[in-house]
There are 2 protein chains.
Amino acid sequence: MYTIGQVSEMFNIPISTLRYYDNEGFFPNMQRHSGIRDFSENEIAALRIVECLKSSGLEIKEIKQFMEMTTRGAETYEDRLKLFEARRDAVENEICKLQRTLDMLKYKCWYYEQAIKDGNEDNINAMLPDKLPPKIQKLYDNGNQKAV
Amino acid sequence: MYTIGQVSEMFNIPISTLRYYDNEGFFPNMQRHSGIRDFSENEIAALRIVECLKSSGLEIKEIKQFMEMTTRGAETYEDRLKLFEARRDAVENEICKLQRTLDMLKYKCWYYEQAIKDGNEDNINAMLPDKLPPKIQKLYDNGNQKAV
DNA sequence: GTAATACCTAAAGCTGACTTTAGGTCAAGG
DNA sequence: CCTTGACCTAAAGTCAGCTTTAGGTATTAC
């Protein structure tokens with residue numbers, strides 16, 4: 001059993017945010033003693049799922065809906081599976097997108113290293129769009145790919 | 001040369017957003033003819049950089065500062081390099097974090113597949129926290145890792 | 001016995017990133 | 001010649017996700 005202050009420290013989440021989450025219904029079974037919240041292992045587990053769903057890009061109101069599902073037991077297993085599958089696919093997609101962003105950023109690092117050496121951007125710009133050194137060309141092309 | 005409507009179509013960005021970006025100073029050298037914006041290859045390139053910096057997690061006002069730097073020429077090469085290096089590191093970090101999220105989501109998919117087969121979560125919960133099938137255990141452990 | 005600390009609520013406030021509104025210009029088509 | 005469509009501006013509005021404020025209770029520390 002933990003107090004809100006302890007959970008705040010453990011997870012590095014402001015107390016105000018934990019109370020906000022509680023108001024949103026993220027801890028449907030949380031107990032209280034004389035008004036004070038009791039975070040049990042149950043709520044800790046819920047919070048971990050909340051963090052996971054949040055970093056997968058799910059909105060607060062959708063997390064709320066998921067928490068409602070968990071209170072409805074076995075009849076929502078299928079829906080919950082579908083939700084996690086959709087989140088899994090979304091995150092896989094997001095990782096691909098970030099990989100392209102990363103390649104673009106690496107290209108830009110190379111670009112400015114060269115510009116610093118040369119004192120200007122003329123040499124580099126003369127190589128665009130397809131006469132860059134092979135490794136850099138790859139970063140550049142990959143970084144400029146359109147989303148699928 | 002493109003009109004705002006053409007750029008909007010090309011990039012799938014609302015016209016209102018392009019005008020907002022212009023007001024924020026993202027196209028410092030854009031020309032106009034009798035009030036109407038002329039997007040040249042220059043602005044197209046700027047927009048690509050904006051998109052890249054945005055998906056790296058940079059805020060609008062910081063993108064604005066970057067655009068100011070580009071207008072100050074060679075004296076800001078070092079600063080621009082530092083910015084891109086910082087963004088590169090941030091995105092590498094974000095990809096790692098999303099990889100952990102992804103493992104957690106995959107674990108949850110397995111979890112609900114099992115729950116559907118079993119009709120309840122009892123068998124699975126009896127395996128927690130360290131008696132899961134090896135592959136699943138890996139996803140679970142990795143997904144529960146704390147950020148570095 | 002009073003002061004500091006950790007908890008509580010409801011409601012208002014804030015920030016970022018747009019988007020919508022209300023009103024206007026200008027060129028081409030029927 | 002008038003209406004349709006694509007452009008323009010400044011300013012107000014929206015939405016998510018918190019955070020702050022104002023006011024209160026309960027326990028421990030000196």
Side-chain angles (χ1 to χ4, degrees), chain A residues 1-40 43-44 46-68 87 90 94 97 101, chain B residues 1-40 43-44 46-68 87 90 94 97 101:
Chain A
M1 293 294 176
Y2 307 94
T3 66
I4 200 168
Q6 289 168 330
V7 176
S8 166
E9 291 237 314
M10 282 166 57
F11 281 83
N12 229 324
I13 296 177
I15 291 178
S16 60
T17 304
L18 292 172
R19 291 208 260 251
Y20 165 68
Y21 285 175
D22 186 23
N23 287 335
E24 291 299 304
F26 288 6
F27 310 114
N29 302 311
M30 188 159 54
Q31 302 295 303
R32 298 199 175 208
H33 72 269
S34 56
I36 288 170
R37 292 173 182 85
D38 267 347
F39 288 78
S40 71
E43 279 69 45
I44 301 298
L47 194 46
R48 265 199 280 266
I49 294 173
V50 166
E51 293 269 271
C52 171
L53 290 175
K54 226 166 58 95
S55 45
S56 89
L58 211 65
E59 287 177 21
I60 297 297
K61 62 182 166 199
E62 295 169 301
I63 298 179
K64 188 175 182 164
Q65 283 166 26
F66 172 78
M67 288 305 172
E68 266 161 35
R87 287 296 94 202
E94 181 62 18
K97 200 188 136 202
T101 299
Chain B
M1 293 294 178
Y2 306 95
T3 66
I4 199 167
Q6 288 168 329
V7 176
S8 166
E9 290 239 313
M10 282 166 59
F11 281 82
N12 228 325
I13 295 177
I15 291 178
S16 61
T17 304
L18 292 172
R19 290 209 263 249
Y20 164 69
Y21 286 174
D22 186 24
N23 286 337
E24 291 301 302
F26 288 6
F27 310 114
N29 302 313
M30 187 158 55
Q31 303 294 303
R32 299 201 174 207
H33 72 269
S34 57
I36 289 169
R37 292 171 181 87
D38 266 347
F39 288 78
S40 71
E43 279 68 48
I44 300 297
L47 193 48
R48 264 199 281 266
I49 295 174
V50 167
E51 293 270 270
C52 171
L53 290 175
K54 225 166 57 98
S55 45
S56 88
L58 212 65
E59 287 177 20
I60 298 297
K61 64 180 167 203
E62 295 169 300
I63 298 179
K64 188 174 182 166
Q65 283 166 25
F66 172 79
M67 288 304 173
E68 265 161 35
R87 286 296 92 203
E94 180 63 17
K97 200 189 135 203
T101 299

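For clarity, every value in this text was computed on a predicted model and none was experimentally measured. Note on naming: letters A, B, ... go to the chains in the order of the sequence lines (proteins, then strands), and numbering restarts at 1 for each one.
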Worksheet item: To the side chain of Y20(B), which of dT20(C), dA17(C), dC8(D) is closest?
Response: dA17(C)
Item to complete: Looking at every strand, decide which applies to S34(A) at a 4.0 Å heavy-atom threshold: base, sugar-phosphate, or nothing.
Response: nothing
Worksheet item: Between atom CD in E62(B) and atom C1' in dG16(C), what is the gap in whole Å?
Response: 12 Å
Worksheet item: dG17(D) P sits how many Å from K54(A) NZ, rounded?
Response: 8 Å
Worksheet item: Base, sugar-phosphate, or nothing for R37(A), non-hydrogen atoms under 4.0 angstrom?
Response: sugar-phosphate
Worksheet, complete the sentence: Winner on side-chain proximity to R19(B), out of dC8(D), dT9(C), dG17(D), is dC8(D)
Worksheet item: What is the nucleic acid contact for T17(B), judged by heavy atoms within less than 4.0 Å: base, sugar-phosphate only, or nothing?
Response: sugar-phosphate
Practice prompt. Return the value, rounded to whole Å, for the distance between atom CD of E24(A) and atom P of dA10(C).
Written response: 13 Å
Worksheet item: Out of dC18(C), dT19(C), dC8(C), which nucleotide sits closest to the side chain of Y21(B)?
Response: dC18(C)
Fill in: Options dC7(D), dC7(C), dT20(C), nucleotide nearest the side-chain atoms of S16(B)
dT20(C)
Worksheet entry | Per T3(A) side chain, nearest of listed nucleotides dC7(C), dG16(C), dC7(D) | dC7(C)
Item to complete: Please determine, for the side chain of I15(A), which listed nucleotide (dC7(C), dT19(D), dT9(C)) has the closest atom?
Response: dC7(C)
